[in-house]
Protein chains: 2
Amino acid sequence: MEDAVDRNRLPVRRATLEDVAREAGVSLATADRVVNQRDGVRAKTVESVRRAIAKLDYRANPAAARLARGQSFRFAFILPSSTNAFMAGLMQQVRRISDWLEPQNAFIDILQLDVFDPEALASGLAGLAEHFHGVATVALDHPKVRAAIDDLVARGIAVVTLVSDAPTSRRAHYVGIDNPAAGRTSASLMGRFLGGRTGKVGVVLGSMSLRDHVERLYGFQQVLSGEYPGLGLLPALEGRDQSERNEAAAAKLLAEYPDLIGLYNIGAGNEGIVAALEAAGRPLVFIAHELTEATRRGLLSGTVAAVINQDPGHEARSAARLLMAEVTGEPILLDQERIRIEIFLRDNMS
Amino acid sequence: MEDAVDRNRLPVRRATLEDVAREAGVSLATADRVVNQRDGVRAKTVESVRRAIAKLDYRANPAAARLARGQSFRFAFILPSSTNAFMAGLMQQVRRISDWLEPQNAFIDILQLDVFDPEALASGLAGLAEHFHGVATVALDHPKVRAAIDDLVARGIAVVTLVSDAPTSRRAHYVGIDNPAAGRTSASLMGRFLGGRTGKVGVVLGSMSLRDHVERLYGFQQVLSGEYPGLGLLPALEGRDQSERNEAAAAKLLAEYPDLIGLYNIGAGNEGIVAALEAAGRPLVFIAHELTEATRRGLLSGTVAAVINQDPGHEARSAARLLMAEVTGEPILLDQERIRIEIFLRDNMS
DNA sequence: CTGTTAGCGCCTTCAT
DNA sequence: ATGAAGGCGCTAACAG
């Protein structure tokens with residue numbers, strides 16, 4: 001009853017290193033050296049161990065390896081000091097992931113830096129090599145930041161970029177969405193939702209110096225002007241991701257353009273825009289980023305037509321898994337780590 | 001250099017069971033009994049061990065526990081014998097997951113059954129208890145199937161339903177999407193994309209006896225008729241998920257309704273519908289399920305406006321993780337296991 | 001009811 | 001270049 005399975009039928013047990021050693025006629029230690037690609041083994045011996053491995057279809061038991069190595073790890077997560085609803089959610093998810101990390105002897109520190117200031121970010125990263133085995137950072141594509149990342153990597157620190165990439169750096173992975181594609185997705189939705197109508201479409205973003213914002217804008221423009229000639233794209237307004245500024249910007253657009261029929265907020269601070277739209281009471285297709293309290297309410301009320309989202313829980317878990325994989329050398333399942341451009345309407349808001 | 005971290009600053013090591021035992025003044029075995037909630041320990045002893053656990057913030061090392069238990073597992077995945085592009089993809093993902101399972105001494109068998117025939121499915125499930133520790137099955141909400149699942153559960157087998165649920169059974173989890181919500185999502189997209197136009201909307205599904213299809217239809221109807229009165233929903237046509245039948249159904253709708261402006265295929269067999277639409281050359285909003293070869297092409301060519309997707313890779317991994325968690329008693333991260341209703345447009349097709 | 005002990009599979013000195 | 005042996009943290013007999 002305890003064990004209902006007929007164990008006789010089971011491929012009862014995978015081959016162990018000991019089986020491999022016996023099969024190859026060498027000791028455990030030698031087999032281990034081959035498995036872990038350490039040198040100090042004659043080529044012929046390596047060959048015979050390799051054959052044994054292949055013959056027995058040996059795969060190391062990760063639990064045993066971890067136990068034996070008994071390493072412990074320390075990771076830093078670098079998040080922006082100026083926070084918004086999305087970043088707050090991300091931080092919460094990063095905190096939660098330590099429940100998964102700690103039992104594996106891995107510990108995280110969350111450091112808040114001004115990630116929008118290249119100097120500040122670069123110098124913040126600079127001191128990390130002595131204290132951490134891995135770093136996940138909201139990055140910036142800037143020479144100084146790249147240099148800081150490359151320096152960490154050169155010192156053997158595992159680095160992944162989070163949400164915002166430094167593509168030219170030597171970071172092991174970027175954990176975040178494809179921003180130009182997100183902009184194109186938004187434009188396709190906008191164009192489809194406006195179904196042949198003509199009028200103006202406004203865009204609000206945090207700043208023209210934020211790479212991910214500019215990339216989204218680029219993708220948005222590309223599709224909107226290429227495929228929806230009836231829609232006039234207005235110059236993008238910078239709201240610094242601040243609710244109040246965004247509210248003013250939206251109000252201004254509404255006032256200036258009676259034929260404004262679409263609005264895309266590329267960055268944060270959606271509360272302000274929702275407020276402006278609801279105050280004006282004019283129907284208009286508004287597309288926002290990130291599923292937060294404000295955008296959820298907007299979806300429900302109808303003020304927000306669609307939300308483009310990246311799942312912060314997925315991002316936190318993915319960053320943690322990738323860092324662990326880097327430092328332990330364990331394999332990863334790449335498609336599990338691809339962060340999707342999610343589209344939420346009221347009905348699949350989950 | 002090898003170890004760049006100043007280990008003195010590390011919370012070097014989590015407390016081990018041995019630390020707990022020492023702190024509580026008992027033996028390892030007793031501490032273990034308390035941790036694993038085995039009985040045969042005096043209440044007072046339990047109490048003191050508990051205090052030690054709390055004091056030291058002890059959390060068991062899962063790698064060590066696995067190694068010591070040294071169990072091996074055998075899981076069955078029940079997939080439909082009549083296959084389609086989605087199911088083929090799912091099967092492939094299930095196969096791939098064994099690369100993750102095998103090193104942990106867990107093995108899977110894929111069994112193909114006629115999951116649409118309650119008797120066949122129920123009797124297929126019936127024999128499984130002797131051979132498997134866990135079963136993931138594409139299910140059916142039918143008394144016999146429910147009974148078969150409940151019987152497995154009663155015999156201590158871990159059961160999860162996959163893609164299609166048996167909600168009234170005692171299965172541990174359902175790994176799949178919320179189908180009524182998927183239908184509503186589709187209707188919202190349809191309504192938005194048709195932006196105020198009036199005309200007919202057709203629906204094709206596999207069969208009125210497939211619960212998930214009927215649920216999607218229900219959700220679709222609910223939103224379409226409730227919120228888009230200008231759109232006339234036509235009676236659903238059954239195509240048995242077969243491309244040829246679907247092609248005929250689509251052609252028939254096109255011929256009979258000159259004002260057909262929308263089409264929703266709830267099930268498989270999208271090749272046929274795409275063919276019919278491309279042959280007719282009439283512009284029309286077509287929404288399909290599952291990102292496959294056919295729907296990808298349709299998105300690119302513009303024949304398919306949007307695809308509602310459930311990620312088969314995620315489903316396979318999730319089912320595997322949940323079964324492992326059930327049989328080992330290890331904890332799960334529930335939000336990692338929620339299968340999303342994904343919306344794909346051409347631009348976020350990834 | 002509680003303690004002792006022998007592993008699980010692998011890694012790592014330390015010898016040879 | 002190779003082998004022997006101890007131990008990682010936990011579990012599971014087996015004694016008491």
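We name chains A, B, ... by the order of the sequence lines, and we start the count at 1 in each one.
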Undergrad: Take atom CZ of A:Arg66 and atom P of D:dC10, then tell me their distance rounded to the nearest Å.
TA: 15 Å
Undergrad: Report the residue (B:Ala29 or B:Ala68) whose heavy-atom-nearest nucleotide on DNA chain C is the more 5′ of the two.
TA: B:Ala29
Undergrad: A:Val26 near the nucleic acid: base, sugar-phosphate alone, or nothing, with a heavy-atom cut-off under 4.0 Å?
TA: sugar-phosphate
Undergrad: Do the charged groups of B:Arg146 and B:Asp141 touch, with an N to O distance under 4.0 Å?
TA: no
Undergrad: Distance check needed: D:dA1 C1' versus A:Asp39 CG, whole Å only.
TA: 11 Å
Undergrad: Would you mind reading off the distance between A:Asn61 atom CG and D:dG9 atom C1', rounded to a whole angstrom?
TA: 14 Å
Undergrad: Side-chain contact test, heavy atoms from C-beta onward, threshold under 4.5 Å: evaluate it for A:Lys44 versus A:Glu47 and give yes or no.
TA: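 SC-SC contact between A:Lys44 and A:Glu47 ruled out.
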Undergrad: Could you state the atom-to-atom distance from CG of B:Asn36 to C1' of D:dA12 in whole Å?
TA: 11 Å
Undergrad: Rounded to the Å, how far apart are B:Leu28 CG and D:dA13 C1'?
TA: 14 Å
Undergrad: Is the phosphate of D:dT2 approached by A:Thr30 (side-chain N or O, under 4.0 Å from OP1 or OP2)?
TA: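 So the side chain of A:Thr30 is outside the cut-off, no N or O lying under 4.0 Å from OP1 or OP2 of D:dT2.
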Undergrad: Taking C-beta and beyond as the side chain, do A:Tyr58 and A:Leu17 meet within less than 4.5 Å on heavy atoms?
TA: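 A:Tyr58 vs A:Leu17: side chains touch.
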Undergrad: Can you pull out how bent the helix from C:dC1-D:dG16 to C:dT16-D:dA1 is, comparing the axes over its first five and last five pairs, to 10°?
TA: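 Roughly 40° between the end axes, to the nearest 10°.
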Undergrad: Need two values: the first and the last nucleotide of DNA chain C, 5' to 3', having an atom under 4.0 Å from any heavy-atom of chain A.
TA: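 Range of nucleotides within reach of chain A: C:dG9 to C:dT12.
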Undergrad: Starting at atom CD of B:Glu18, determine the distance to atom C1' of D:dG7, rounded to an integer number of angstrom.
TA: 11 Å
Undergrad: Flag the pair B:Asp19 and B:Arg14 as a salt bridge only when some basic side-chain nitrogen lies within less than 4.0 angstrom of an acidic carboxylate oxygen.
TA: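 Salt bridge between B:Asp19 and B:Arg14, a charged N being under 4.0 Å from a carboxylate O: no.
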Undergrad: Would one find a side-chain N or O of A:Thr45 under 4.0 angstrom from OP1 or OP2 of D:dT2?
TA: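 Yes, within the criterion.
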Undergrad: Using a cut-off of 4.0 Å on non-hydrogen atoms, how would the nucleic acid contact of A:Leu67 be classed: base, sugar-phosphate, or nothing?
TA: base
Undergrad: Roughly how many Å is it from CZ in B:Arg59 to P in D:dG9, rounded to a whole number?
TA: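 Result: 16 Å.
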Undergrad: Do B:Leu121 and B:Ile78 have side-chain heavy atoms sitting under 4.5 Å apart?
TA: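 A side-chain contact under 4.5 Å exists here.
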Undergrad: Hey, is the side chain of A:Arg33 poking within less than 4.0 Å of OP1 or OP2 on D:dT2, counting only N and O atoms?
TA: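 Looking at the OP1 and OP2 atoms of D:dT2, neither is under 4.0 Å from any side-chain N or O of A:Arg33.
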Undergrad: A side-chain contact here means heavy atoms from C-beta on lying under 4.5 Å apart; do B:Leu162 and B:Leu79 qualify?
TA: yes
Undergrad: Indicate, with a heavy-atom threshold strictly under 4.0 Å, whether A:Ala63 touches base, sugar-phosphate, or nothing.
TA: nothing
Undergrad: Does some side-chain heavy atom of B:Met91 sit less than 4.5 Å from a side-chain heavy atom of B:Phe77?
TA: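 In short, these two side chains do not touch, never coming nearer than 4.5 Å.
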Undergrad: Thinking salt bridges, do A:Asp151 and A:Arg170 make one under a 4.0 Å N-O criterion?
TA: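 The answer is no: the pair does not qualify as a salt bridge.
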Undergrad: In whole Å, I'd like the distance from the CZ atom of B:Arg38 to the C1' atom of D:dA13.
TA: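 For the pair B:Arg38 CZ and D:dA13 C1', the rounded distance is 11 Å.
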Undergrad: Hey, which of A:Glu337, A:Glu326, A:Glu330, A:Glu315 is the one that makes salt bridge (Lys or Arg N to Asp or Glu O under 4.0 Å) with A:Arg321?
TA: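 Running salt bridge (Lys or Arg N to Asp or Glu O under 4.0 Å) over A:Glu337, A:Glu326, A:Glu330, A:Glu315 with A:Arg321 returns exactly one hit, A:Glu337.
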Undergrad: Find out whether A:Asp165 and A:Arg171 are in side-chain contact, i.e. whether some heavy atom of one side chain is under 4.5 Å from a heavy atom of the other.
TA: yes
Undergrad: If you assign each of B:Gly70 and B:Gly25 to its closest nucleotide in DNA chain C, which residue comes earlier from the 5' end?
TA: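 Upstream on the strand: B:Gly25.
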